[in-house]
Amino acid sequence: MSTLVDIRKLTRSFGGPAVLDGIDLSIAPGEFVALLGRSGSGKSTLLRVLSGLDTAPAERLEIPKRRSVVFQEPRLLPWKSVIQNAVLGVDHSNAKARAQQALTDVGLSHRTQAWPLTLSGGEAQRAALARALVREPELLLLDEPFAALDALTRLRMHDLVFDLWRKHNCAVLLVTHDVWEAVALADRILVLDNGRFSREIRVDLPHPRHRSDPQTAHIETELLKELGVELSHA
Amino acid sequence: MADTIATGQAQPTRPEQIRSERDRSRLARFATRIASPVAIIVLWQVASSTGLLSARTLAAPTEIIAAGEKLVASGELVTGLTVSFLRVLIGFLIALVVGVSLALASGLSKTGEAIIDPPIQMLKAMPFLGLLPLFILWFGIGETPKIGLVAFGAVFPIYLTLHGGIRGIDRKLIEAGQTLGLGTASIIRHIVIPGALPSLLVGIRYGLSVAWLSLVVGEQINASSGIGYIITYARDFLQTDIIVVCLLVYAMMGLLTDGLVRLIEAYALRWRPEAIA
């Protein structure tokens with residue numbers, strides 16, 4: 001199997017103990033990987049290295065050039081309209097048309113000329129998703145993109161991300177601390193603990209996945225246990 | 001409205017009724033605000049007419065209006081105003097170019113900041129109007145010291161606000177720009193400059209008020225043209241009415257240029273929530 005991301009022995013420390021302690025990670029083209037971990041486990045640090053915002057020593061560090069990031073906050077430029085945000089940095093003759101398409105894909109075709117500060121939290125995050133997808137990334141990095149959204153909006157975003165992933169066929173690395181989010185979406189789930197992967201679970205279940213399904217429930221419980229949460233009433 | 005609530009009558013209010021009531025309350029508020037200035041002017045006029053306030057101290061409002069009309073009719077005021085306005089314009093443009101360049105250099109690079117920021121902070125501490133004697137020694141008594149004083153005074157607010165604005169830009173937006181593949185030049189163009197623009201516009205407004213202030217001071221010294229010249233001339237002949245007219249013109253010009261920047265602000269910052277609301 002070919003790999004899109006190939007990382008060997010990645011270590012990152014900020015003066016103290018290593019935040020990432022000799023990590024190996026490979027992601028296949030088109031694979032959906034979820035990365036779970038408690039706060040301070042190093043997930044955001046790993047994502048920063050993958051997005052190129054941080055550098056760290058590694059034996060091997062292969063990351064595709066065409067990659068884009070959606071952060072926890074939308075990080076839209078407030079002084080540019082939604083569509084201007086989407087075309088930012090796209091070096092393509094019909095960037096406008098592609099941005100229009102991407103915004104339509106996320107259900108924002110009616111808000112293309114809006115100022116970002118007039119969008120709701122969910123709309124702004126969808127605009128950020130569209131901006132990430134306009135550049136047709138091979139690797140889409142999602143850094144807790146739905147953490148700040150309300151529960152209902154978050155569930156709708158899961159469906160949207162799933163559809164977009166199917167459509168664009170890119171590899172996705174979703175950093176989250178929402179266990180159900182990981183189980184609902186990912187092909188493979190990694191648990192990061194103290195700078196190392198402590199668990200890897202393949203989820204070979206058909207989509208859409210339901211929370212009431214005993215198989216997904218089992219995986220969810222396993223993951224929660226791995227994260228140190230025992231469900232007494234489960 | 002208050003009556004309705006007090007008597008407990010549930011009268012349906014029509015929109016036009018609400019609007020006319022709102023207009024009336026706005027009018028009432030305006031009337032209260034204008035009442036005391038009007039009273040002061042009336043008292044002033046009475047004091048002048050009865051001889052309590054001599055024209056050598058302060059001319060009567062009616063005389064000031066007459067003097068203003070005469071100055072406009074003779075063309076003196078327009079000529080003087082043009083000269084003064086050009087001094088402010090040229091001085092302020094110099095301040096804008098210098099201030100923006102320095103702020104960009106110092107806001108965008110650590111080295112630039114180390115070189116530029118300390119001397120500016122030191123110069124800022126000096127009361128710049130006190131430099132006038134030096135400016136006269138260096139530049140003589142022509143246009144240069146006047147324009148120089150305007151430029152020198154206005155450069156600080158522009159530099160300080162823009163520098164602060166650049167330093168205060170959200171790191172997260174710059175990171176977002178980097179992940180979108182923007183280079184340094186594009187990040188400056190799309191993120192740093194628009195992000196610092198609100199601060200710069202505040203600096204420009206403040207700088208303009210300093211520019212007019214510097215002009216008033218600069219024009220008192222050996223002016224042979226401009227509003228300051230009209231004032232000096234009027235002083236020599238004890239014409240307090242003309243002096244007041246000129247002061248009013250200064251005030252109006254200050255308000256006018258400030259209003260102009262506000263217009264630019266309203267357009268350039270139309271993305272801000274307070275502009276949208």
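Chain naming here is simple, since letters A, B, ... match the order of the sequence lines and numbering starts at 1 in each.
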Exercise. What part of A/Leu76 is in contact with chain B, defined as an atom under 4.5 angstrom from a non-hydrogen atom: side chain, backbone, both or neither?
Worked result: backbone
Exercise. Should we say atom CG of A/Asp21 is surrounded by more than 12 heavy atoms from elsewhere, each under 6.0 Å from it?
Worked result: yes
For this session: Answer with side chain, backbone, both or neither: which region of A/Arg75 has an atom nearer than 4.5 Å to a non-hydrogen atom of chain B?
Result: both
For this session: Give a yes or no on whether B/Tyr267 atom OH has more than 12 heavy-atom contacts from other residues, nucleotides or ligands under 6.0 Å away.
Result: no
Exercise. When rounded to the nearest 0.5 angstrom, what distance separates CG in A/Leu53 from CZ in B/Arg171?
Worked result: 9.0 Å
Exercise. Is it the backbone or the side chain of B/Thr179 that comes under 4.5 Å from a heavy atom of chain A, or both, or neither?
Worked result: both
Exercise. If you draw a 6.0 Å radius around CZ in B/Arg167, do more than 12 non-hydrogen atoms from other residues or ligands fall strictly inside?
Worked result: yes
For this session: Go through A/Arg67, A/Lys80, A/Lys65 and name the one with the most non-hydrogen pairs under 4.5 angstrom from chain B.
Result: A/Lys80
Problem set entry | Contact class of A/Glu73 relative to chain B, heavy atoms under 4.5 angstrom | side chain
Exercise. Side-chain contact, heavy-atom cut-off 4.5 Å: B/Ile193 with A/Trp79?
Worked result: no
Exercise. Do other residues, nucleotides or ligands put more than 12 heavy atoms under 6.0 Å from A/Phe162 CZ?
Worked result: yes
Problem set entry | Whether over 12 other heavy atoms sit under 6.0 Å from A/Asp91 CG | no
Problem set entry | Between CD on residue B/Glu175 and CZ on residue A/Arg48, distance to nearest 0.5 Å | 4.0 Å
Exercise. Heavy-atom distance under 4.5 Å between the side chains of B/His190 and A/Leu88, does that happen here?
Worked result: yes
For this session: Please state whether the side chain, the backbone, both or neither of B/Gln178 comes within less than 4.5 Å of a heavy atom of chain A.
Result: side chain
Exercise. Is it the side chain or the backbone of B/Ile191 that comes within 4.5 Å of chain A heavy atoms, both, or neither?
Worked result: both
Problem set entry | B/Pro145: partners by side chain to side chain contact (heavy atoms under 4.5 Å, CB included), with sequence neighbours left out | B/Phe135, B/Phe139
For this session: May I ask you to check whether over 12 heavy atoms, not counting those of A/Phe197, lie within 6.0 Å of atom CZ?
Result: yes
Seminar exercise, completed: Counting heavy-atom pairs under 4.5 Å with chain A, the top scorer among B/Leu173, B/Leu182, B/Leu269 is B/Leu173
